[in-house]
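First the proteins, then the strands, lettered A, B, ... as listed; each starts at 1. Note that this is a predicted model, so its numbers are computed, not measured.
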Number of protein chains: 2
Amino acid sequence: MSSYSPAETAEKSGFSIDTLRYYEKIGLLGGIARNASGRRVFSDDDLSWLGMLRCLRETGMPIAEMLRYSELARGGQETFAERLELLQDHDRRVEAQIRLLRAQQKKIKWKISFYSGKGVPEDD
Amino acid sequence: MSSYSPAETAEKSGFSIDTLRYYEKIGLLGGIARNASGRRVFSDDDLSWLGMLRCLRETGMPIAEMLRYSELARGGQETFAERLELLQDHDRRVEAQIRLLRAQQKKIKWKISFYSGKGVPEDD
DNA sequence: CCTTGACCTGGAGTGCGCTCCAGGTCCGAG
DNA sequence: CTCGGACCTGGAGCGCACTCCAGGTCAAGG
């Protein structure tokens with residue numbers, strides 16, 4: 001088990017086939033293998049890279065920055081420092097995002113308790 | 001202190017003036033007062049409603065659903081049950097979103113520790 | 001009286017991230 | 001031999017949430 005059709009890859013990665021093609025086209029996926037008739041053949045490595053992309057995407061990293069990261073990832077370990085910095089910046093944004101969500105969630109829960117009949121009267 | 005110009009409101013609410021106009025146009029803001037020359041005059045109530053909108057927006061609620069909520073909010077307490085349900089659904093989505101972010105953040109931190117020189121070798 | 005600047009309107013434009021489409025190739029099952 | 005279905009390409013289209021623009025109004029300051 002080490003090579004996957006586009007459909008299998010879509011299923012395993014959670015990206016649609018169209019998105020996989022799109023990602024390859026814009027350069028997020030480098031060197032996807034092809035079989036004799038020109039069809040894509042994904043490897044386990046491709047799949048784990050897709051996992052990374054999914055992680056970045058789901059945490060809100062813009063495509064442009066993912067592109068930057070994948071360019072760095074195609075470089076050797078001389079790009080480690082830069083990749084580290086990029087991920088650390090991103091991590092801080094994720095942290096902030098979580099904190100914001102938690103704070104806003106409190107307000108929502110407060111509103112919920114109001115509508116449940118326990119809160120003090122408030123606007124709207 | 002109870003009425004605000006569009007500029008003040010933008011500053012206090014965190015929405016741009018254009019967004020405020022847009023929100024009024026699509027019906028997220030009902031009955032914003034106008035002065036003699038047709039300019040918007042926002043009240044403290046408007047401001048607190050904007051705070052609610054901001055909360056919903058920042059937690060990822062789509063405009064269409066905010067619209068539904070504001071229609072309900074214009075109704076009386078006979079819409080409390082529906083508002084409650086809407087917010088509870090949303091709260092669950094926020095919860096899920098936070099969990100996802102936390103999970104993905106772990107992967108990022110793991111990658112970071114790898115690039116910092118402490119991790120086991122891994123792909124990309 | 002004239003200018004400035006904050007505001008108004010309707011409507012067009014933008015950026016992002018896909019998603020869909022037409023028209024074609026290839027391969028295995030019946 | 002034919003058919004269906006998964007895949008290919010380049011490029012157009014879409015949904016969302018704004019954001020910008022042209023052309024106009026109004027009130028206050030110099």
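Contact check, B/S5 against C/dA6: no side-chain N or O comes under 4.0 Å of OP1 or OP2.
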Close N/O contacts between protein and nucleotides 9-15 of chain D (under 3.5 Å):
from, atom 1, to, atom 2, distance (Å)
D/dT9, OP1, A/R34, NH1, 3.2
D/dT9, OP1, A/R34, NH2, 3.1
D/dT9, OP2, A/R40, NH1, 3.2
D/dT9, OP2, A/R40, NH2, 2.7

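With B/T79 as the fixed residue, the side-chain hydrogen bond (donor to acceptor under 3.5 Å, both in side chains) test singles out one of B/E82, B/Q77, B/R83: B/R83.
Summarising the geometry, the separation between CG on B/N35 and C1' on C/dC8 is reported as 11 Å, rounded to the nearest angstrom. One interatomic measurement links the two molecules: CG of B/L28 to P of D/dC16, which rounds to 14 Å at whole-angstrom precision. Straight-line distance from the CZ atom of B/R39 to the P atom of D/dG24: 17 Å, rounded to whole Å. Atom C1' of nucleotide D/dG5 and atom CD1 of A/I17 are separated by 12 Å, given to the nearest angstrom. With rounding to whole Å, B/Y22 atom OH is found 16 Å from C/dA12 atom P. One atom, CG of B/L20, and another, C1' of C/dC7, lie 13 Å apart when rounded to the nearest Å. Rounded to whole Å, atom C1' of C/dC18 lies 15 Å from atom CG of A/L50.
Under 4.0 Å is where a charged nitrogen must lie from a carboxylate oxygen, and between B/R92 and B/E85 no such pair does. Between B/E58 and A/R102 no salt bridge is recorded (no basic side-chain N to carboxylate O distance below 4.0 Å). Salt-bridge annotation for B/E8 and B/K12: absent, with no side-chain N of the basic residue lying under 4.0 Å from a carboxylate O of the acidic one. Using a cutoff of 4.0 Å between basic side-chain nitrogens and carboxylate oxygens, B/E65 and B/R57 are not scored as salt-bridged.
Across all strands, B/Y23 comes closer than 4.0 Å only to sugar-phosphate atoms, never to a base (heavy-atom distances). Residue-level contact check: B/A36 touches neither bases nor backbone, having no heavy atom under 4.0 Å from any strand.
Near DNA chain D, defined here as any heavy-atom distance below 4.0 Å, the residues from residues 53-67 of chain B are B/R57, B/P62, B/I63, listed numerically.
Looking at A/F42 and A/L20, their side chains come closer than 4.5 Å, going by heavy atoms from C-beta outward.
Side-chain contact of B/Y4 with B/D44: a donor-acceptor pair under 3.5 Å is present, judged by distance alone. B/S48 and B/D45 are not linked by any side-chain donor-acceptor pair at a separation below 3.5 angstrom, with hydrogens and angles left out of the test. No donor-acceptor contact under 3.5 angstrom links the side chains of A/S116 and A/S113, judged on distance only.
Two residues, A/S37 and A/F15, neighbour DNA chain C, and the one matched to the more 5' nucleotide by heavy-atom proximity is A/F15.
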